[in-house]
Asks: 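Here it is, the structure in full.
So you know, we letter chains A, B, ... as the sequences are listed, proteins then strands, and number each from 1. Keep in mind that the numbers below use all heavy atoms, side chains included, and drop hydrogens, waters and symmetry copies.
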Amino acid sequence: MKMHRRDLIILPVVSLLTVIGLWAGAETLSRVIWPEQDEDPCMAFDPVIGYHARPGCTTLTKAAEGPWVEENWTSCGTRAPAVCARRDTHAARVVTMGTSTSWGSLVPLHQTWFMRAASELRSRCGRGFEVQATGGTPDLYESAARLPSILQLRPDAVVMVVTPFDLATRTSDSFSAVLVGNPRAEVPTHQRRREQLRELVTSSRALLIVEHLLYQNADLYVSNYLLGGDRVDYLRQPFSPTWRKRFEFVDAAFGYMADQFQSAGVPFLVILAPHEAQAELAAGASRPPNVDPFALGATLADIAARHHIRFVDATRSYAGVEEPQSTYYRVNGHFNAAGHAILGSVAAEALAAVADSDGKPLCDTEAMTVEE
Amino acid sequence: MSVPSVEFLVFAVVGALIFNLFRGLRSRAWVLASLNLAFFCSFLHGWLSAVPYAAFLALGYAGIRILRKQKSAIVFVMLVAAVLYAFFLVKRYSFIPAGMQIAFWYSAIGISYVFFRVMHLLIEVWQDSISEPVGPLSYFNYALNFPALVCGPIQRYEDYREMEEGGRPLALDTRVIGKSIERIVVGFFKVTVVSTFLLTWQKGFINSLSAGDAWSDRVLDLALICGLYPLYLYANFSGYTDFVIGVARLLRLELPENFNDPFSSESFIGFWSRWHMTLSSWLKDYVYTPLLMTLMRRFTAGWAGPYLAVFAYFVTFFLVGAWHGQTTIFLFFGVLQGGGVAVNKLYQVGMTSALGARDYRELCANPTYRACARGLTYTWFAFTLFWFWSDWQQLGRIAAAAGVTAAIAATAFLFAVATALLSLRAWLRAGKAQMSGAWWALAQHRYVRTAMVSALALFTFVVLNVLGGSPPDLVYKNF
């Protein structure tokens, strides 16, 4: 077939229109099939304590890969089935803090790890357990700033869930107790714009579906994740200087929090919730040389031990799990209900062994029988 | 630098622009040599890592020069043995004693394909099939031709030389450039999108296969594990071939085809004349034919001829299989390939003698027979590939999880599905041939093809983005 001079213009235009048409079509279709509700009207931003729930608010959220979830917030801004202001004297109260997993983001309340843990502890210890969940702070400064409000809830124990992501957020400088309660520094406009632009590109739903389908292949997912540079270097041995510096920050932050809780006589438990790639590696995905999914947990355990904090690495629960990817919203990265079941067991096991400042175990059935 | 990749594409396009800026054939040959060298250097870590490869190339070239002057059979045999040994050494075959292995890290990228080219040159020079002297620049550009370095295809020197200087250099106009872009995009799409998804699904079925599953689930899982892999391998390797053929064409080089619709084959012998064609034709020329000739000279009885061919087929395709790796599993893969073609040949000999040549031809033309033959060929190839993609341990796990009856049922199921789907495909292809002229012209119109290629490019871009910019590895890069 003969080429005309006008084809030099028409052919690129045909190409461009095809790309625009296909992209728009795929995006529209995928948004209809896989709806997502990630903007949460119940969330308020505070420059000191970060994102927190508006008291008494109710909302519907949804990850594209998950179900619709109704989230109800108590008058204290916690996620819980019970009223927060009035304490049941017969039940032990556990307050959660830390990342969004701490309050069971994107998972129905009864399937969250803390509700499962409470239920398991009730049947194991024969006493009541109620949980008030706070969270949404992937930043140890913000977590530290929340301690007064957490202690106001009069907890018998506090559980903080940390993820590798939290440990790489705002941890490049040294931790200073003096800075706790200071507002977060403003993000420069050019950086904010760059992030907004990046989000615009990466928030494509069609892209998310492609990722979801491709990441069913665990090897592909893990090898792709390991290309992530500094943020994934917590999996590599020996740790990079940047990560060693982050651990110094974590050491100081954990020390600060432990001091606060110890003076209040409240047991403090930290749970490391693994990233999905970490879980895959722990479960048996092929490991490249120098990659160790348990190294982060071991380092945090050492730090926690120095400050008399009880620490559990949930990564270890993934050893032998057949399909770790089925416990996460694969692309979104949060745990789904199956993942919360694993975390719930880990938390119940650890909380059962927690003792208060008088050395009385939380799971003290005899003590409760007397009270009852 | 991985192939195919955006990085390689940019390198090749920039290289093609520079190459085409020069009008003189000699200048172009020097540009190509620089590109070949630059591409090869992208696999090196320090000059020492190039030494074994360079020594291998130098040995090959010295051999050609010696054979040009001295046509002695002993010298030829010694040179072939030396090149073979050097190849085994550079390729780190496990049967080379540890004390004799090269102790430092070096690049062996595409050494198998370079070995085939060098050996081809040695044989052809010795047989005087190449009349003109092989210059060092031509030798270097031919052996290390960068689009075909990583996984072939294996080109013949005469064909290469025809394009380089001796014959008619190929034209490069807008139409050719358009077709090359189309081939590059299709190839990239096959490797990045099709093969990635197929492998993902196949791995998913491997993970989900469990002894505790219902019998029907195990049958389905096993059939899909087995049946998806040939499609993946085809998309991966033929996609790469499409990509490099398109890239090479921008440099006015025409690389040979490696695939010719292999799943339409109606016999396993036929399959190997359509799958990895440059390798099987190399082995036919330099193993099958000489071996058969030698055997026929020794065993002159007329009845022995077909059985000697069976034996030669077995040896040739055993080597095809065994070439893929250095472990026992690949030897077994070779036995299955050699066994497959040998049994196929024996069957042809037996049926011809039982039915007579005419009746057997008629049987082979029967549509139902042809459909079953296609299904059987696919099923056998898929089955043999178990020894290609897994190891003995994994095979044991899969066999234990599936169980004997499920494995038999899965094979029967795969055969039935392959027969049905390949028949449907053959029927559709026949329909396409009969498509009315206007529709065919529309489907082939440059605007429609541009839209199709743009769509494929978009899919490729999206998947490549998800994969972090690096496309999946080529299976044949390891061989």
Side-chain angles (χ1 to χ4, degrees), chain A residues 1-27 30 201-202 204-229 232 280 283-286 321-326 330-331, chain B residues 173-179 181-182 185 192-210 212-213 228 232 394 397 401 440-473:
Chain A
M1 201 173 282
K2 202 183 158 203
M3 288 269 288
H4 301 285
R5 283 181 74 86
R6 63 173 184 268
D7 284 344
L8 293 174
I9 294 167
I10 294 175
L11 290 177
V13 170
V14 167
S15 180
L16 194 68
L17 287 177
T18 307
V19 168
I20 292 170
L22 272 175
W23 186 263
E27 195 60 30
S30 48
V201 175
T202 55
S204 159
R205 199 71 49 80
L207 195 64
L208 185 143
I209 293 178
V210 175
E211 283 178 318
H212 179 85
L213 295 174
L214 280 174
Y215 287 167
Q216 302 304 314
N217 179 345
D219 289 339
L220 179 76
Y221 175 75
V222 171
S223 58
N224 209 18
Y225 178 73
L226 288 173
L227 297 173
V232 306
E280 291 283 3
S286 50
V321 169
E322 276 205 4
E323 286 182 40
Q325 76 264 38
S326 64
R330 185 100 268 206
V331 183
Chain B
D173 54 23
T174 340
R175 206 174 138 76
V176 173
I177 293 171
K179 285 196 162 187
I181 292 172
E182 185 176 352
V185 171
T192 309
V193 182
V194 183
S195 83
T196 304
F197 274 100
L198 287 170
L199 187 66
T200 299
W201 286 331
Q202 200 243 7
K203 286 200 169 183
F205 289 117
I206 293 174
N207 289 337
S208 67
L209 178 68
S210 157
D213 290 347
L228 284 175
Y232 156 72
Q394 190 181 23
R397 276 201 303 272
W440 181 242
L442 179 67
Q444 289 296 302
H445 196 280
R446 59 190 177 284
Y447 297 157
V448 177
R449 286 169 72 167
T450 301
M452 294 279 286
V453 167
S454 305
L456 295 185
L458 176 68
F459 291 137
T460 308
F461 169 78
V462 168
V463 174
L464 204 59
N465 185 46
V466 173
L467 298 175
S470 53
D473 230 357

Asks: Heavy-atom distances under 4.5 Å only: say whether A:Tyr215 touches chain B with side chain, backbone, both or neither.
Replies: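 Interface part for A:Tyr215: side chain.
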Asks: How far does CD1 of A:Ile10 sit from OH of B:Tyr447, to the nearest 0.5 angstrom?
Replies: 3.5 Å
Asks: Do B:Thr196 and A:Leu214 make a side-chain contact, defined as non-hydrogen atoms from C-beta onward lying under 4.5 Å apart?
Replies: yes
Asks: Check A:Asp7, A:Thr18, A:Val14 against B:Thr450 for a side chain to side chain contact (heavy atoms under 4.5 Å, CB included) and give me the one that passes.
Replies: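 Passing option: A:Val14.
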Asks: State, to 0.1 Å, how close B:Lys203 and A:Asp219 come at their nearest heavy-atom pair, and which atoms those are.
Replies: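 Closest approach of B:Lys203 to A:Asp219: NZ-OD2, 3.2 Å.
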Asks: Picking from A:Leu17, A:Val331, A:Val210, which has the most non-hydrogen pairs under 4.5 angstrom with chain B?
Replies: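 Top option by heavy-atom pairs under 4.5 Å: A:Val210.
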